[in-house]
Amino acid sequence: MKIVFATNNQHKLEEIRSILGDKFEVVSLSDIGCHEDIPETGKTLEENALQKAQYVYDHYHVSCFADDTGLEVDALDGAPGVYSARYASLEHPDSLEHDSEANMARLLRELGNNNNRKARFRTVIALIEKKDVCPCGCTSIKKVSQFEGIVEGEIIREKRGGEGFGYDPIFQPDGYDKTFAELGVDIKNKISHRARATQKLAEYLKTL
């Protein structure tokens, strides 16, 4: 089964492909010739994921899914949340978006010596299936589904580990004494937020 994943992020592609396995051919935006900067203006992960999937569906008329992920820190009232990927640039507009080092630095600075380090990663996947064409030919019929994955953990005080990406070096999942960046891809792909959301997606796709 071939399906479009609305991303060109190689880390995400590798994770998704590893989790879904060879039963699914997951192609990226660049694979279908999409090089536009897809807007993400939603105020929630659900809105952003659906917005990206809808853009691809509307412009390329293919079944597709998109995800959005946020790190929610209790002591920061759920921040950075939907702004996780561009957290540092919100503070310094001249900073680059998706600057992981800057994002982690800001998060650790804002947490300071706060002993409440409770946090969670949450991923939402929006899937839009092209089902059929309206008998009059005016529009296609689609089905929209959403899948959520959550992993609880805590923010440690210093970065540890060299694998992974994003906030992985400072996030330690519950039940482990290592960060995502120390656990390695194999373990992370079994327990992560994205793994849990993707597993729900895979279980659904297998029923089609």
Side-chain angles (χ1 to χ4, degrees), residues 1-72 80-87 89 96-100 121-151 165-166 185 188-190 192-208:
M1 180 179 182
K2 185 175 182 178
I3 190 166
V4 177
F5 181 19
T7 188
N8 279 321
N9 184 311
Q10 281 302 123
H11 292 296
K12 286 186 177 183
L13 276 169
E14 290 168 7
E15 279 192 359
I16 290 287
R17 285 170 175 163
S18 174
I19 295 165
L20 286 180
D22 56 11
K23 291 184 179 180
F24 304 94
E25 181 186 357
V26 181
V27 298
S28 67
L29 291 175
S30 61
D31 291 329
I32 62 170
C34 177
H35 302 287
E36 297 92 336
D37 186 14
I38 298 178
E40 296 180 57
T41 57
K43 294 183 179 180
T44 66
L45 301 178
E46 289 81 1
E47 289 176 0
N48 272 347
L50 183 57
Q51 184 178 29
K52 288 186 284 186
Q54 188 68 54
Y55 182 94
V56 174
Y57 181 84
D58 289 344
H59 288 78
Y60 295 88
H61 315 294
V62 293
S63 295
C64 61
F65 67 92
D67 79 321
D68 200 22
T69 293
L71 174 64
E72 302 171 345
V82 72
Y83 304 110
S84 294
R86 52 189 186 276
Y87 198 41
S89 66
L96 295 175
E97 290 190 10
H98 304 280
D99 185 335
S100 297
F121 268 120
R122 192 162 68 90
T123 289
V124 174
I125 293 176
L127 169 69
I128 297 182
E129 301 169 68
K130 185 175 182 179
K131 303 297 288 185
D132 207 341
V133 177
C134 180
C136 69
C138 65
T139 184
S140 60
I141 300 171
K142 65 183 180 182
K143 180 179 179 181
V144 179
S145 307
Q146 288 195 331
F147 311 90
E148 180 185 61
I150 299 173
V151 60
F165 59 99
V185 174
K188 182 187 174 184
N189 281 353
K190 292 177 182 177
S192 77
H193 44 295
R194 186 170 290 108
R196 292 173 180 178
T198 304
Q199 189 58 46
K200 293 177 182 178
L201 169 67
E203 290 169 1
Y204 173 78
L205 291 176
K206 290 173 183 176
T207 67
L208 300 182

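Values below: every heavy atom of this structure, side chains too, minus hydrogens, waters and symmetry copies.
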With sequence neighbours excluded, tell me which residues meet side-chain contact (heavy atoms from CB on, under 4.5 Å) with Ser30.
Asn8, Ser28, His35

Pairs meeting criterion salt bridge (Lys or Arg N to Asp or Glu O under 4.0 Å) with involvement of residues 51-65, two or more places apart:
Glu40-Lys52

Under the side-chain contact (heavy atoms from CB on, under 4.5 Å) test, residues paired with His11 that sit two or more places apart
Asn9, Phe165

Show me, pair by pair, the donor-acceptor contacts under 3.5 angstrom made by side chains of residues 201-208, not counting sequence neighbours?
residue : atom : partner : partner atom : Å
Tyr204  : OH   : Glu129  : OE2          : 2.5
Tyr204  : OH   : Lys143  : NZ           : 3.0
Thr207  : OG1  : Tyr204  : O            : 2.5

Among all residues two or more places apart in sequence or in another chain, which pass the ring-ring contact (aromatic ring centres under 6.0 Å, His included) test with Phe121?
Phe171, His193

Closest non-hydrogen atoms of Ala49 and Ala66, given as atom of the first, atom of the second and distance, are O-CB, 3.4 Å

What salt bridge (Lys or Arg N to Asp or Glu O under 4.0 Å) pairs are there with at least one residue in residues 6-32, not counting sequence neighbours?
Lys12-Asp67, Glu15-Lys188, Glu15-Arg194, Arg17-Asp31

Between Tyr57 and Lys142, what is the shortest heavy-atom contact and its length?
OH-CB, 3.4 Å

Might you point out which heavy atoms bring Leu13 and Phe5 nearest each other, and give the distance in Å?
CD2-CD2, 3.9 Å

Taking every non-hydrogen atom, the tightest pair across Ala195 and Asn189
CB-O, 3.0 Å

What I'd like to find out is whether the side chain of Arg196 reaches to under 4.5 Å of the side chain of Ile150, using heavy atoms alone.
no

Rounded to the nearest 0.5 Å, what separates atom CZ in Phe147 from atom CG in Leu127?
5.5 Å

Quick one: does Val124's side chain get under 4.5 Å of Leu50's, heavy atoms only?
no

Please report the closest heavy-atom contact between Tyr87 and Pro80, naming both atoms and the distance.
CD1-CB, 3.3 Å

Under the side chain to side chain donor-acceptor pair (under 3.5 Å) test, which residues partner Glu148, sequence neighbours left out?
Arg122

Could you note down all residue pairs passing ring pair (Phe, Tyr, Trp, His ring centres under 6.0 Å) where residues 37-56 supplies at least one of them, sequence neighbours left out?
Tyr55-His59

Looking only at non-hydrogen atoms, find the nearest pair between Gly70 and Ser84 and report the distance.
CA-OG, 3.5 Å

Side-chain (Thr123) to main-chain (Thr69) donor-acceptor, under 3.5 angstrom
no

Contacts of Val82 meeting side-chain contact (heavy atoms from CB on, under 4.5 Å) (sequence neighbours excluded), chain-then-number -> Leu45, Asn48, Asp68

Any sub-3.5 Å donor-acceptor pair from Thr198's side-chain atoms to Ile16's backbone N or O?
no

